[in-house]
Amino acid sequence: MTDRYDPQTIEKKWQERWAETGLYKRVEDPNKEKWYFLTMLPYPSGDLHTGHWYAMSPSDAGARFARMQGKNVWFPIGFDAFGLPAENAAIRHNIHPYKWTMANIERMRGQLKQMGAMFDWEHEAITCLPGYYQWNQWFFLKFYDMGLAYRDKAPVEFCPNCNTTLAREQVWDGKCERCGTPIIMKELTQWKFRITKYADELLEGLDKLDWPERVKTMQRNWIGRKEGVEFEMQVQGHEGLHFRVFTTRPDTVFGMSFAILAPEHPLVQTITTPEHRAEVEAYVEEARRKTPLMRQMEAREKTGVFTGAYAINPANGQPVPIFIADYVMMDVGTGAIMGVPAHDQRDFEFARKFGLPTPIVIVPKEAWESGDEYTWSEEAARALERALEGKEGTVMVNSGPFTGLAWPESFNQVAEWLEAHAAGERKVNYRLRDWLISRQRYWGTPIPMIHCPNCGVVPVPYEDLPVLLPEDAEFKPTGESPLKYHEGFLHVTCPQCGADAHRETDTMDTFMDSSWYQYAYLSPYWKDGETLSPDDVPWDQAVGEYWLPVDQYTGGIEHATMHLLYTRFFTKVLRDMGLVDFDEPMLRLFNQGMILGPDGEKMSKSRGNVVNPDDYVQKYGADTVRAFLMFIGPWDEGGPWSPQGIEGVHRFLHRVWSLVLDEPKKQAKGEPSEKQVRNLRRATHQTLIKVTNDYENFKFNTMIAALMAFTNTLNAAKETEVYGTDAWEEAIETLLLMMAPAMPHISEELWARLGKPYSIHLQSWPQADPELAKEEEVEIAVQVNGKVRARITVSPEASKEELERLALANERVQKWIGDKPVRKVIVVPGRLVNIIAK
RNA sequence: GCCGAAGUGGCGGAAUUGGCAGACGCGACGGUCUCAAAAACCGUUGAGCAUUAGGCUCAUGUGGGUUCGAGUCCCACCUUCGGCACCA
């Protein structure tokens, strides 16, 4: 008789033992293949929620599996500890962000330990500690030295609720990514990182990465590389006055029937004629007031006003009216466009609204090749119903000397002509913008810059780092950094001339912290309290040499165009600094899906469908919660939490418990037959093949299903003569080893109770024998005219001829064939026979 | 609007990539145990028809197509989710 499965006791026991024996200690072993396995670090919001469990426990199973396969796995963890919630808590509850954050970390650390993951706590990093963020400042200075950090006065996205500017990546659908408030534009001087310098490399690097296509596509779209031509348009009647337009379609230049400037375009004031001034100014004013979200929602209806001025189309010398319209934006291209209504949907809508002509200048190749002008003007007339935007297989018409040119020749020749005659140049345009780093908040890394009345912007000398975030500050959300009102922080003497100067009071975007944390983990708080120099390396280089880069990264897809883009950028800069010798920070990426509430909706307090994992860990134990989360469905798809579903998984663990420890109900006497032994071993090795393959591909749901099926098989076999044989022991051992990565506690406990050496997590992954896994006989479906009419049992090696003979000999098959002549027999060895008789 | 992913029992989801649809689990129903209930265990469970035996028919969002054979491939459409969006 044995005691019942009691997860509370055994989980606590083993977690302590693992910690005591340093089971997950990092060791740089040159004889083993290193495997840096990383899961996105959590924000210390207060409690570990189900989403954290869903992200981290399958990740842990993946890491443990890699380890059993003989890799030297390192699985570090830390906390992304700067950020707005801490500051908001300070404002609401009058508790200091530091205290709030550290208390949360304390609690979450405990919860994380209950998960039983193989985290290496010795290298934990907390980003809000000076020993960490001093390196943010050090990097900032480095970026500044390299010309990658600069100050720029421009309209920037601003969240009026969070009271801070945002990077473009943090604006989702015109709203703040954090709080959902529609953002507004503000003209501010802000620090930016020149990520656009790496646009091409960020794009090309994607091809080499073993990342989900989804993420790669999102990054490609975000970077938005477009090849085109920029050229000059003269304003009629203003000698020498011109503006530049960018187009990806120079081949349509003869179709230009108007030009548009963005309302904010600097030339608007100059060219507007007196009789249109009032109207234009009113329009500009209105455009300024609109938030980007409003502009977006009104996107359907084209608006604009005529400036009274005309520009000359350089291609044909014709004047075209210049409008201003808010569908042209100042920060895209040159802030001015040529309007080609026949071949651009938006221009088409605009022209229709303002009654502008719509000349056709490209037609499909087939229309052109028919050779007669009538056909392609017919085609053109049809195109007039709707703008024709294709470029592959089109030919230029009504385009003077260029008429008859086909894409891509049309592009090239017009581009050359514009280069020669309209100050044109081929240009690549990107959607990507430089990364806006400044935040007007307290709880972040101070930007290490000084504003001197004599010297202008002066960097803090490296040896003066870190610029400490003062502990006392007023947390009043004013839209300006709280540091601005902290006299002790603000005032400083200029390191260059000694004059009274003041510090930069903005802090850094917290995505700065996570852009390099995979390097910080190597040696957290490296040189904390020491004097820094420009020649430093922010981590122990020897350790980095061994572990970098990250081999496997897991985390949510919501970071596709934020963190995952920034950290790639950072790594490329680090490489240019000579700190690393690779181009990409994370070689493989897996995005888990989202865990939903029992109602299938996103968990949220307002919906009242939040599942607290602690309750379930309390009731069923961590192993059950882990296994259930893996069992729900494909890890990358997520799915709803099911309170009944977790019961089923828990029952499975109980079944394993009694399978391994309890005596059979009826002791079968005598020796097992050879066949019984073979069947058992076959089940063992077939399951092992399946489970190994599933772990490798993070298909945890079918992995657990296979373990359940195997357990069911073993439960039946237990009551037969095979119980207690070598084959039986092999089966039980293999079962526990296969469970170990996913359910680390129960497998360790049962392993110990079988008298095996500590620890199961130090064992090698068992080797599957494909010979033993082979089926002895297979059931073949026999179809007559595509419908299964009989089944025959044969050896898997049975030849095609034999299968055909056996199938035709079958009585039931004969009945269905009747007297119809057999026309064809399809034989798929090992699968089926299909007899066509008609 | 453009791009991408998905749509399978009452539910979560399987299906070696063109070869027996529904693995595994939940739920439901029936049974064993029990004075009873819970737990546990053992059956049954896509729908319909037929149940005297063998069975038969229909089923993977909809409609077509290719094929001996389609959840899987092709075309059109519907729905859901995600990304991008006056990006010139």
Side-chain angles (χ1 to χ4, degrees), chain A residues 172-174 212-215 217-222 224-226 228 230 245-249 252 260 262 295-296 298-303 325-329 331-340 344-347 349-350 389 429-432 557-558 560-561 593-594 596 600 628 631-634 636-637 639-649 651-652 654-655 658 665 689-690 693 699 701-712 715 779-791 812 815 823-838:
Chain A
W172 289 10
D173 219 11
E213 272 315 309
R214 217 160 35 130
V215 177
T217 305
M218 282 166 74
Q219 292 207 350
R220 282 189 193 106
N221 290 343
W222 191 259
R225 185 182 199 276
K226 296 239 165 72
E230 197 181 293
V245 298
F246 174 80
T247 179
T248 55
R249 297 296 303 276
T252 66
I260 298 183
R295 270 200 183 191
Q296 209 176 89
E298 293 165 3
R300 265 147 289 254
E301 188 66 20
K302 294 284 171 296
T303 61
D326 65 3
Y327 83 90
V328 174
M329 280 160 300
D331 63 342
V332 178
T334 59
I337 61 156
M338 60 172 194
V340 183
D344 182 281
Q345 188 62 37
R346 297 149 307 180
D347 296 348
E349 287 163 19
F350 190 82
E389 302 198 56
N429 237 296
Y430 300 92
R431 221 183 69 87
L432 185 70
I557 194 158
E558 65 274 13
T561 56
M594 202 195 298
L596 305 170
F628 170 64
F631 185 61
I632 281 178
D636 54 348
E637 286 175 26
W641 178 277
S642 157
Q644 290 95 39
I646 194 169
E647 294 267 3
V649 173
R651 280 201 281 271
F652 161 63
H654 272 286
R655 277 202 299 278
S658 64
K665 285 185 204 75
I689 288 168
K690 167 80 180 148
N693 188 51
K699 288 169 80 175
N701 57 329
T702 48
M703 179 275 291
I704 303 267
L707 291 181
M708 287 173 167
F710 185 46
T711 303
N712 294 343
N715 255 324
E779 204 180 58
I780 301 279
V782 183
Q783 300 180 329
V784 179
N785 295 328
K787 295 221 159 88
V788 181
R789 299 301 183 189
R791 293 166 209 284
R812 282 189 43 75
K815 199 171 111 194
R823 293 181 189 272
K824 200 172 173 186
V825 180
I826 292 118
V827 184
V828 184
R831 296 233 147 262
L832 58 61
V833 179
N834 189 7
I835 297 158
I836 312 304
K838 271 183 182 140

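To find a chain, count down the sequence lines: A is the first, B the second, and so on, and within it residues start at 1.
Here the separation of B/rG7 from B/rU60, taken at their P atoms, is 13 Å to the nearest Å. The P atoms of B/rA36 and B/rG31 are separated by 13 Å, rounded to the nearest whole Å. For the P atom pair drawn from B/rU17 and B/rA88, the interatomic distance equals 41 Å after rounding to whole Å. A gap of 25 Å separates the P atoms of B/rA59 and B/rG54, to the nearest Å. Annotation: B/rG65 and B/rA15 have their P atoms spaced 30 Å apart (nearest Å). Using atom P as the reference point in both B/rG63 and B/rU8, the two lie 16 Å apart (nearest Å). Between B/rU72 and B/rG22, the two C1' atoms lie 15 Å apart (nearest whole Å). Taking atom C1' in both B/rA70 and B/rC75, one finds a spacing of 15 Å when rounded to whole Å.
Because its glycosidic torsion is within 90° of 0, B/rU17 is reported here as syn. The glycosidic torsion of B/rG55 lies more than 90° away from 0, which places this base in the anti conformation.
Listed candidates were B/rG19, B/rC86, B/rC87. Nearest to the side chain of A/Val828 is B/rG19. With distances taken from any side-chain atom of A/Val332 to the nucleotides B/rG19, B/rC87, B/rG83, the minimum falls on B/rC87. For A/Lys699, taking side-chain heavy atoms from C-beta onward, the closest of the listed nucleotides B/rC86, B/rA15, B/rA88 is B/rA15. When each of B/rA88, B/rA85, B/rG27 is scored by its nearest atom to the side-chain atoms of A/Arg431, the top-ranked nucleotide is B/rA85. When distances are taken from the side chain of A/Pro640 to each of B/rG12, B/rG25, B/rA88, the shortest belongs to B/rG12. In the set B/rG27, B/rC56, B/rG25, the nucleotide with an atom closest to the side chain of A/Asn712 is B/rG25.
Side-chain atoms of A/Asn834 come within donor-acceptor range of the base of B/rC68, with a qualifying N/O pair under 3.5 Å.
The shortest distance between side-chain heavy atoms of A/Trp222 and A/Leu432 falls below 4.5 Å.
Atoms CZ and CG, from A/Phe652 and A/Leu707 in turn, are 5.0 Å apart once rounded to the nearest 0.5 Å. Atom CD1 of A/Ile835 is separated from atom CG of A/Asn785 by 9.0 Å, given to the nearest 0.5 angstrom. Of the inter-residue distances, the one linking A/Leu832 atom CG with A/Glu779 atom CD reads 12.0 Å to the nearest 0.5 angstrom.
OP1 or OP2 of B/rC87 has not a single side-chain nitrogen or oxygen of A/Arg249 nearer than 4.0 Å. The side chain of A/Arg812 contributes an N or O atom lying less than 4.0 Å from OP1 or OP2 of B/rC56. Side-chain N/O atoms of A/Lys226 include one lying less than 4.0 angstrom from OP1 or OP2 on B/rA88. The side chain of A/Asn715 places no N or O atom within less than 4.0 Å of a non-bridging phosphate oxygen (OP1 or OP2) of B/rC41. An OP1 or OP2 oxygen of B/rA14 is reached within less than 4.0 angstrom by a side-chain nitrogen or oxygen of A/Asn701. For A/Arg651, a side-chain nitrogen or oxygen approaches OP1 or OP2 of B/rC26 to under 4.0 Å.
The shortest non-hydrogen separation linking A/Ala781 to A/Val788 is CB-CG1, 4.2 Å. Here the shortest heavy-atom pairing between A/Phe246 and A/Thr334 reads N-OG1, 3.7 Å. Nearest heavy-atom pair across A/Asp347 and A/Val340 is OD2-N, 3.0 Å. For the pair A/Phe350 and A/Lys302, the tightest heavy-atom approach, listed with the atom from each and the gap, is N-CG, 4.0 Å.
What separates CD1 of A/Ile826 from P of B/rA70 is a distance of 12 Å, to the nearest Å. The distance from atom NZ of A/Lys787 to atom C1' of B/rA21 is 15 Å, rounded to the nearest whole Å. A straight line from CD of A/Gln345 to P of B/rC87 spans 11 Å, rounded to a whole angstrom. A/Met703 has its CE atom 15 Å from the C1' atom of B/rA14, to the nearest Å. In this structure, CG of A/Leu596 is placed 13 Å from P of B/rC81, rounded to the nearest angstrom. Between the C1' atom of B/rG19 and the CD1 atom of A/Ile780 lies a distance of 10 Å, rounded to the nearest Å. Rounded to whole Å, atom C1' of B/rC3 lies 19 Å from atom CZ of A/Arg225. Here B/rA85 presents its C1' atom at 19 Å from CZ of A/Arg220, a figure rounded to the nearest Å.
Across all strands shown, A/Thr217 has no heavy atoms under 4.0 Å from either base or sugar-phosphate atoms. Using a 4.0 Å heavy-atom criterion, one finds that A/Val328 contacts the bases of the nucleic acid, with or without backbone contacts as well. Heavy atoms of A/Leu832 sit under 4.0 angstrom from at least one base atom. The residue A/Glu779 sits close to a base: some heavy atom pair falls under 4.0 Å. Here A/Arg655 lies in heavy-atom contact (under 4.0 Å) with sugar-phosphate atoms only. Nucleic acid contact for A/Met329: base, since at least one base atom lies under 4.0 Å from a heavy atom of the residue. Within 4.0 Å of A/Arg214, counting heavy atoms only, lies no atom of the nucleic acid at all. As judged by a 4.0 angstrom heavy-atom cut-off over every strand, A/Glu637 is placed among residues making no nucleic acid contact. Within 4.0 Å (heavy atoms only), A/Ser642 reaches no atom of the nucleic acid at all.
Among residues two or more places apart in sequence or in another chain, the salt bridge (Lys or Arg N to Asp or Glu O under 4.0 Å) test is passed with A/Arg249 by A/Asp251. Partners of A/Ala262 according to the side chain to side chain contact (heavy atoms under 4.5 Å, CB included) rule, which considers only residues two or more places apart in sequence or in another chain, are A/Glu264, A/Val328, A/Met330.
Between A/Ala705 and A/Thr334, the one whose closest nucleotide on RNA chain B sits nearer the 5' end is A/Ala705. Positionally, the nearest nucleotide of RNA chain B for A/Met708 lies more toward the 5' end than for the other of A/Asn785 and A/Met708.
No donor-acceptor distance shorter than 3.5 angstrom exists from the side chain of A/Asn701 to the backbone of A/Phe631, with no hydrogens or angles considered.
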Output the pairing pattern of RNA chain B as a dot-bracket string, 5' first, Watson-Crick or G-U wobble with both distances under 3.5 Å, | for cross-strand pairs, [ ] for crossing pairs. (((((((..(((......[....)))((((((.......))))))((((.....))))..(((((..]....))))))))))))....
